[in-house]
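What follows is a short report on a single structure.
No experiment lies behind these values; they were computed from the predicted model shown. Throughout, protein chains are lettered first and strands after them, A, B, ... in sequence-line order, and every chain is numbered starting at 1.
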Number of protein chains: 2
Amino acid sequence: MSAKTKKQIVIEAAAKLFSDKGYSAASMRELAGRVGLEQASSLYNHIKSKEEALQEICFENARKFIDGITSIESDIEHPTEQVRALIELHIQIATNDITSVTVFNDEWRHLSERPLSEFLALRKDYEERFKEIINKGIKSGVFKDMNPSFALHTILSALKWIHYWYKPGRDSDLENVRKDIMLLLMSGLRSH
Amino acid sequence: MSAKTKKQIVIEAAAKLFSDKGYSAASMRELAGRVGLEQASSLYNHIKSKEEALQEICFENARKFIDGITSIESDIEHPTEQVRALIELHIQIATNDITSVTVFNDEWRHLSERPLSEFLALRKDYEERFKEIINKGIKSGVFKDMNPSFALHTILSALKWIHYWYKPGRDSDLENVRKDIMLLLMSGLRSH
DNA sequence: CCTACCGATCGGTAGG
DNA sequence: CCTACCGATCGGTAGG
């Protein structure tokens, strides 16, 4: 729609910088340089603080995952197809959203107390709902009999490498990645 | 064997601290406090610099993985059993070695240029050998036909959650974790 | 192992 | 958006 605001530009550059260097090693002076500002102090016309940038990144992406799983719960019926759609959701966010790395990474741990506990609550909510889908599949016999929490962690962790690997030029490989990850994880999960 | 040297104590505490806060956010003053020293300057009687601690942690663990895969290549014959042993190796290192987190994590990226390129060369070597085992399995038909590099990344990434989850009190769950991870990943990989 | 200290860099503010 | 600046904290050294 409308052009990106300077604030959005700053926040996307911050996400890239946090991902490159880690939140603590990323300096506001380097961030300024990356968005074409000579002085770090100029950044404060667009964002309140370094942590505000981190918060926006973390919560914007948390919302994407929550929205995604909400649609999947209501639009899709069978656990097998629901898990398939969740894997698609992770791949899609990792490859479409340059800011998502920061959430996938451990940078969220640098949030201060209040936003940190809110972020962890959102993550917990997402994980519980994902786990419940796995659990339904196990109970109905379409998934192997395993601890749903262990299966959840293994799948979520397995999906993390994509955003490290993905660069815009790799779109041609993306369809193959999707197919092989799906094959490996879904046949790992399914009982037949 | 012999008691831990103070240097070893410092390095293990550094590994824990780097894992808790990230390398950049970890201060030498806090590290001093954790090993019972009042002054950060006292640390420099045991280690040369903050980065020396990081180097020791990264290279010691890289060596464990290289040694592990070397044994597996020579002692075990079939790709299926080799991959099974490699998964065991990762679980064992993640749960036995408190310093290993720093390598699993992204903290190695804070190494300076020379040690960083050496570390990446070791990691590359390990990954190539792991991939070759997967490739043999695919060629001989015991594994599904998939891109061996994608399968490698997915498996390595899937194994990373264990060390975040593992705490000494959780030994009772460890056998179940091992079983379920093995079930999910090996049946994801195998063609029959 | 501590005391004393240093230059560098950090996130951020005041004011225009 | 820049100039000028600040207090805090950093990793590390000298010397005993």
Side-chain angles (χ1 to χ4, degrees), chain A residues 3-58 99 102 105-116, chain B residues 3-58 99 102 105-116:
Chain A
K4 280 180 191 170
T5 65
K6 187 85 186 194
K7 180 172 180 175
Q8 284 174 306
I9 292 170
V10 168
I11 285 177
E12 284 181 19
K16 182 66 168 54
L17 181 60
F18 296 164
S19 160
D20 289 346
K21 305 268 177 110
Y23 179 76
S24 296
S27 79
M28 297 304 273
R29 282 157 178 82
E30 179 164 0
L31 177 58
R34 289 189 178 199
V35 295
L37 295 172
E38 281 184 22
Q39 299 298 327
S41 57
S42 302
L43 289 169
Y44 295 90
N45 294 295
H46 305 105
I47 54 172
K48 287 200 209 88
S49 65
K50 187 182 183 185
E51 204 199 312
E52 192 206 33
L54 181 62
Q55 285 181 32
E56 298 237 358
I57 296 160
C58 289
T99 70
T102 304
N105 279 1
D106 291 329
E107 305 310 326
W108 51 262
R109 70 181 157 172
H110 294 107
L111 290 167
S112 57
E113 210 167 333
R114 257 281 299 287
L116 178 59
Chain B
K4 280 179 190 169
T5 65
K6 187 83 186 195
K7 180 172 181 176
Q8 284 174 307
I9 291 170
V10 167
I11 285 175
E12 285 181 19
K16 181 68 167 54
L17 181 60
F18 296 164
S19 160
D20 288 346
K21 306 266 178 111
Y23 179 76
S24 295
S27 80
M28 298 304 271
R29 282 158 178 84
E30 178 164 0
L31 177 57
R34 288 191 179 198
V35 295
L37 295 172
E38 280 183 23
Q39 298 298 329
S41 57
S42 303
L43 288 168
Y44 295 90
N45 293 295
H46 304 106
I47 56 172
K48 287 199 208 88
S49 64
K50 186 182 182 184
E51 202 197 314
E52 192 206 34
L54 181 62
Q55 285 182 32
E56 297 236 357
I57 295 160
C58 289
T99 71
T102 305
N105 280 0
D106 292 328
E107 304 311 326
W108 52 262
R109 71 181 158 173
H110 294 107
L111 290 167
S112 58
E113 209 168 335
R114 257 282 299 288
L116 178 60

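- Take A:Arg34 and apply the side chain to side chain donor-acceptor pair (under 3.5 Å) test, not counting sequence neighbours, and it matches A:Asp20, A:Glu30.
- Scanning DNA chain C for stems, defined as runs of 3 or more consecutive Watson-Crick or G-U wobble pairs whose donor-acceptor distances all fall under 3.5 Å, gives the following ranges: C:1-16 with D:1-16.
- No hydrogens or angles considered: a donor-acceptor pair under 3.5 Å links the side chains of A:Ser112 and A:Glu51.
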Please list, pair by pair, any protein nitrogen or oxygen found under 3.5 Å from a nitrogen or oxygen in nucleotides 11-14 of chain C.
| residue | atom | partner | partner atom | Å |
| --- | --- | --- | --- | --- |
| C:dG11 | OP1 | A:Ala26 | O | 3.1 |
| C:dG11 | OP1 | A:Lys50 | NZ | 2.9 |
| C:dG11 | OP2 | A:Met28 | N | 2.9 |
| C:dG11 | N7 | A:Arg29 | NH1 | 2.9 |
| C:dG11 | O6 | A:Arg29 | NH2 | 3.0 |
| C:dG12 | OP2 | A:Tyr44 | OH | 2.9 |
| C:dG12 | OP2 | A:Lys50 | N | 2.8 |

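- For the residue pair A:Ala53 and A:Ile47, the shortest heavy atom distance occurs at CB-CD1, 4.2 Å.
- The separation between B:Asn45 atom CG and C:dC1 atom P is 7 Å, rounded to whole Å.
- When the salt bridge (charged side-chain N to carboxylate O under 4.0 Å, His left out) test is applied to A:Glu52, the partners found at least two apart in sequence or on another chain are A:Lys7, A:Lys48.
- Side-chain contact check for A:Val35 versus A:Leu43: some heavy-atom pair is nearer than 4.5 Å.
- Applying the side-chain contact (heavy atoms from CB on, under 4.5 Å) criterion to A:Glu12, with sequence neighbours excluded, gives A:Lys4, A:Ile98, A:Thr99.
- The separation between B:Leu37 atom CG and C:dT3 atom P is 12 Å, rounded to whole Å.
- Atom CD in B:Gln39 sits about 13 Å away from atom P in D:dC10, given to the nearest Å.
- Residues forming a ring pair (Phe, Tyr, Trp, His ring centres under 6.0 Å) with B:Tyr23 (at least two apart in sequence, or on another chain): B:Phe18, B:His110.
- Every pair tested for side chain to side chain donor-acceptor pair (under 3.5 Å) that includes a residue from residues 35-47 of chain B fails, sequence neighbours excluded, so the list is empty.
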